[in-house]
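Okay, so here's the structure we're looking at.
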Amino acid sequence: MALPSNLSFFMSRLQGVSTSHFKVFPQSSDTASSGKIIRFELPNNSLVNMKNLRLFFNAATANAGTNKGGRLPNDISSLIERVAVYMGGVLVQNSFNQYNTLVHAKAAIEGPKCEPSLTHPEIVRAKSYHDNSALTQSDDEAYANVDDAFCISNWEGLLGSIEPSIIDTGLLPQITLEITLADDAVCCTCDDVTLAGFVGGTGNTGTTYSLTNLSVQVEVLGMATSVLEQLTEQRIASVGYLSLPFKNYFTYQSTHTSTSRFNVNSASWDRLWVIFRPTSYSTQKEPVSARGYKVTGGFLDNAAGETAADIDVGVASYDIGGNATYNTNVEKYISNYFKFTDPGDANTKYNLQVNSANVPAYKMTSAEALSMTKGAVDMPKNVMSLDQYKTDYFVQCYRFCLPDSDFNRLASGLNFLTSSPQQVQVGA
C-alpha cells in the first residue's frame, strides 16, 4: 500500500548531481529591432533544464517627435511576436503569431508568471522603476548599461511545459530557439508626464524600440552515475520511444462581427483562449489608464506653509482612497495593444459551438464568462472587478480537459485526429 507523502517515512537519495549555467549568444548579431528574428542554439550532449532558460537583453525606445518620449510596454514579454523551436531543422513547436497577446491574456486571469523585478511589469510615467532615472516628456525610456538588463524567464509552449523538463539533448538533434520580435505598436508614446497628460496626449505615434546585449542563459545538470541513461534505455527497449509532451498553441485571428469560425485538428485540445479588442489595437497610442486605478484630481503642496496645491498625486476612480480588495490606490497603465474590451452591451450573450454542440449548453453573460474562465485555469491569481474585466481584461477561457491534467501529464482533451478537422464557432 502506498501511503500519502505526509505519512510516509520514505526518502529517495540521488548523489553526484552537479549544476552549472552557460551563456549562449545569438547566431548572428546581439542587437535587434522590431520584426527581426533571433536564433540561439542550445548546448549539445547535455542535461538541459528547459524550464530554467532565461533570455537577457537591454532595451531602449526612440521617438523623433518634438517633446515626445517613448515608453516600453507593461511586461517585457510584450516585445516577442513568435517563438519557435527547431530540432535538426524540423519545426517542433508551432511558430504561432501573437505570442505576446497570449502572455497578456493568460496574465489577465492567472497573473504574471515572470519575476517582476526584471520584466518591466508596469509602464513608466515620470520615473523608472528599473534604474530610478527621471524622465521628462521628451525623454525616451532607455537602458544601455548591461547591469540594467531585462529577463524573460517564463515561456509559453514547449520551453515552459515540456515534461520531463530536464532533457538529454544528446538524444535529440541540434535544438534551435527562434524568436521573432514584435511590431513597434506594442510600445507607447507620451508627450506629457503629468497624471492628467500622460494618458491624454495627441498624435502619439512614432516610438520604436531596439534590443542589445542579447543572450540566453541555460542551466545544465550533470550526474555522476549512469542511472538516467539506464532508465532511458529501458524505456526505449520497452515502448520504442520517449514521450516528451508539451503544450502547443495555434492562433486564429479575424474581425469579429457576430460570429468567428476556425478549424481545429488536435489529439488533445485542452483549452481555447478568446480575446476581444478594438480594431484599432495595432495603432500606437499613449498609455491607457486601467479602470479603477488612480487618475488626476488629488493635489498636495510640495513645501510646508504653501497654499497652492501643485503636486497631483491622483485619486482612485473606485472611491477616493482606493479599494483594498482590488488595490486601486495606485497608478496602473496598459498598452493600447493589450487592452481587451467586451465588444457587447448589457444584452450581449456569448457562446461557443464545436461542430454544432454548444459549450457550455447555454449562452453566457459577461459575468458568467468570467466565472467560467476562472474555473477553466488551474491557478487563477489575478483579482479584478467585473467592470475591470469587461473594460481592460476581457478574456474567455474554455477548458476541454480534466482539471489539473497539466500537473499529471494527462492528455485528456478533445481528440480530433480520428475524424476530420472540427469547425469551431465563437458567437457574441
*Please step through side-chain contact (heavy atoms from CB on, under 4.5 Å) for the pair Met364 and Asn351, ending with a clear verdict.*
CA-CA 6 Å; Met364 300 181 296; Asn351 72 304; over 6 Å; no

*Leu118 and His130: CA distance, side-chain angles, deciding distance, side-chain contact (heavy atoms from CB on, under 4.5 Å) verdict*: CA-CA 8 Å; Leu118 297 176; His130 199 62; 4.3 Å; yes

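- Ser46 places a side-chain N or O within 3.5 Å of a backbone atom of Asn44 that can act as its donor or acceptor partner.
- No donor-acceptor distance shorter than 3.5 angstrom exists from the side chain of Thr391 to the backbone of Gln388, with no hydrogens or angles considered.
- Counting heavy atoms from C-beta on, the side chains of Tyr209 and Ser34 come closer than 4.5 Å.
- Counting non-hydrogen atoms of neighbouring residues, nucleotides and ligands closer than 6.0 angstrom, the NZ atom of Lys36 reaches no more than 12 such neighbours.
- Atom CG of Leu231 and atom OG of Ser226 lie 9.5 Å apart (nearest 0.5 Å).
- The neighbour count for Tyr241 OH, taken as heavy atoms of other residues, nucleotides or ligands under 6.0 Å away, does not exceed 12.
- Between Ser254 and Ser260, the side chains place a donor N or O and an acceptor N or O closer than 3.5 Å (distance only, hydrogens not considered).
- Put simply, the side chain of Cys151 reaches to within 4.5 Å of the side chain of Ser153, judged on heavy atoms.
- When all heavy atoms of Cys187 and Thr207 are compared, the closest pair comes out as CB-CG2, 3.8 Å.
- Judged purely by distance below 3.5 Å, without hydrogens or angles, the side chains of Ser128 and Asp131 pair a donor atom with an acceptor atom.
- For the atom pair NZ of Lys390 and CE of Met384, the computed distance is 12.5 Å after rounding to the nearest 0.5 Å.
- The shortest distance between side-chain heavy atoms of Ser335 and Asn74 falls below 4.5 Å.
- In this structure, the side chain of Asp345 engages the main chain of Thr348 through a donor-acceptor pair within 3.5 Å.
- To the nearest 0.5 angstrom, Asn63 atom CG is 4.5 Å from Thr189 atom OG1.
- Tested against Tyr389, the residues Phe394, Phe276, Phe340 include a single ring-ring contact (aromatic ring centres under 6.0 Å, His included) partner, Phe394.
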*Using the side-chain contact (heavy atoms from CB on, under 4.5 Å) rule, take Tyr143 and Leu72 through it: C-alpha gap first, then chi angles, then the decisive distance, then the call.*
CA-CA 11 Å; Tyr143 307 93; Leu72 293 169; 4.0 Å; yes

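- Looking at heavy atoms from C-beta onward, Val354 lies in side-chain contact with Trp269 at the 4.5 angstrom threshold.
- Between Glu178 and Ile37, some side-chain heavy-atom pair lies under the 4.5 Å cut-off.
- Judged by the 6.0 Å and 45° rule, Arg291 forms no cation-pi pair with Tyr326.
- Scanning all heavy atoms of the two residues, the minimum distance from Ala59 to Leu211 falls at CB-CD2, 3.8 Å.
- The shortest distance between side-chain heavy atoms of Asn355 and Phe416 does not fall below 4.5 Å.
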*salt bridge (charged side-chain N to carboxylate O under 4.0 Å, His left out) between Asp406 and Arg271: does it pass, once the steps are laid out?*
CA-CA 11 Å; Asp406 295 349; Arg271 289 178 179 85; 3.3 Å; yes

_Working note: Glu331 + Leu195, criterion side-chain contact (heavy atoms from CB on, under 4.5 Å); need CA distance, chi angles, decisive distance, verdict._
CA-CA 9 Å; Glu331 297 179 43; Leu195 260 174; 3.7 Å; yes

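- For the residue pair Gln353 / Asn358, a side-chain donor-acceptor distance below 3.5 Å is found, with atom types taken as modelled.
- When all heavy atoms of Ser289 and Val199 are compared, the pair lying nearest together is N-CG1, 3.8 Å.
- With values rounded to the nearest 0.5 angstrom, Leu228 atom CG is found 11.5 Å from Ile167 atom CD1.
- Of the possible donor and acceptor atoms, none in the side chain of Asn45 sits under 3.5 Å from a partner among the backbone N and O of Thr169.
- Side-chain rings of Phe150 and Phe56 stay apart, their centers remaining 6.0 Å or farther from each other.
- The shortest side-chain heavy-atom distance between Val92 and Tyr86 does not fall under the 4.5 Å cut-off.
- Between Glu115 and Arg54, no side-chain nitrogen of the basic residue sits less than 4.0 Å from a carboxylate oxygen of the acidic one, so the salt-bridge criterion is not met.
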*Walk me through it: do Lys247 and Asp270 pass the test salt bridge (charged side-chain N to carboxylate O under 4.0 Å, His left out)?*
CA-CA 9 Å; Lys247 295 289 185 184; Asp270 290 352; 2.3 Å; yes

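- Evaluation of the ring pair (Phe, Tyr, Trp, His ring centres under 6.0 Å) rule for Phe198 yields Tyr333 as partners, not counting sequence neighbours.
- Remark: side-chain polar atoms of Glu81 are paired, donor with acceptor, to backbone N or O of Gln98 under 3.5 angstrom.
- Formation of a donor-acceptor pair under 3.5 Å by the Ser317 side chain with backbone atoms of Gly292 is found in this model.
- Of the possible donor and acceptor atoms, one in the side chain of Gln93 sits under 3.5 Å from a partner among the backbone N and O of Val83.
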*Using the salt bridge (charged side-chain N to carboxylate O under 4.0 Å, His left out) rule, take Asp139 and Arg71 through it: C-alpha gap first, then chi angles, then the decisive distance, then the call.*
CA-CA 9 Å; Asp139 289 331; Arg71 296 292 186 271; over 6 Å; no

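- Rounding to the nearest 0.5 Å gives a distance of 13.5 Å between OG1 of Thr341 and OH of Tyr281.
- Ring centroids of His104 and Tyr337 are separated by 6.0 Å or more, keeping the two rings apart.
- Panel note: side chain Ser95, backbone Ala84; no donor-acceptor pair is recorded below 3.5 Å.
- Contact annotation: the side chain of Asn97 never approaches that of Tyr252 to less than 4.5 Å [non-hydrogen atoms, C-beta and beyond].
- Judged by distance alone, the side chain of Ser78 and the main-chain N or O of Pro73 form no donor-acceptor pair under 3.5 Å.
- Aromatic ring centroids of Tyr249 and Phe96 lie under 6.0 Å apart.
- Atom NZ of residue Lys113 and atom NZ of residue Lys381 lie 8.5 Å apart, to the nearest 0.5 angstrom.
- The two atoms that bring Pro43 and Val220 nearest to each other are CG-CG2, 4.4 Å, heavy atoms only.
- One N or O on the side chain of Asp140 and one on the backbone of Gly70 form a donor-acceptor pair closer than 3.5 Å.
- At a threshold of 4.0 Å, the pair Lys332-Asp392 does not count as salt-bridged, since none of the basic side-chain nitrogens sits closer than that to a carboxylate oxygen.
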_Worked check of side chain to side chain donor-acceptor pair (under 3.5 Å) between Asn67 and Asp191_ = CA-CA 6 Å; Asn67 291 329; Asp191 54 16; over 6 Å; no

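- Residues Thr325 and Val383 come closest through the heavy atom pair O-CG1, 3.6 Å.
- Closest of all the heavy-atom pairs between Ile152 and Ser77 is CG2-OG, 3.7 Å.
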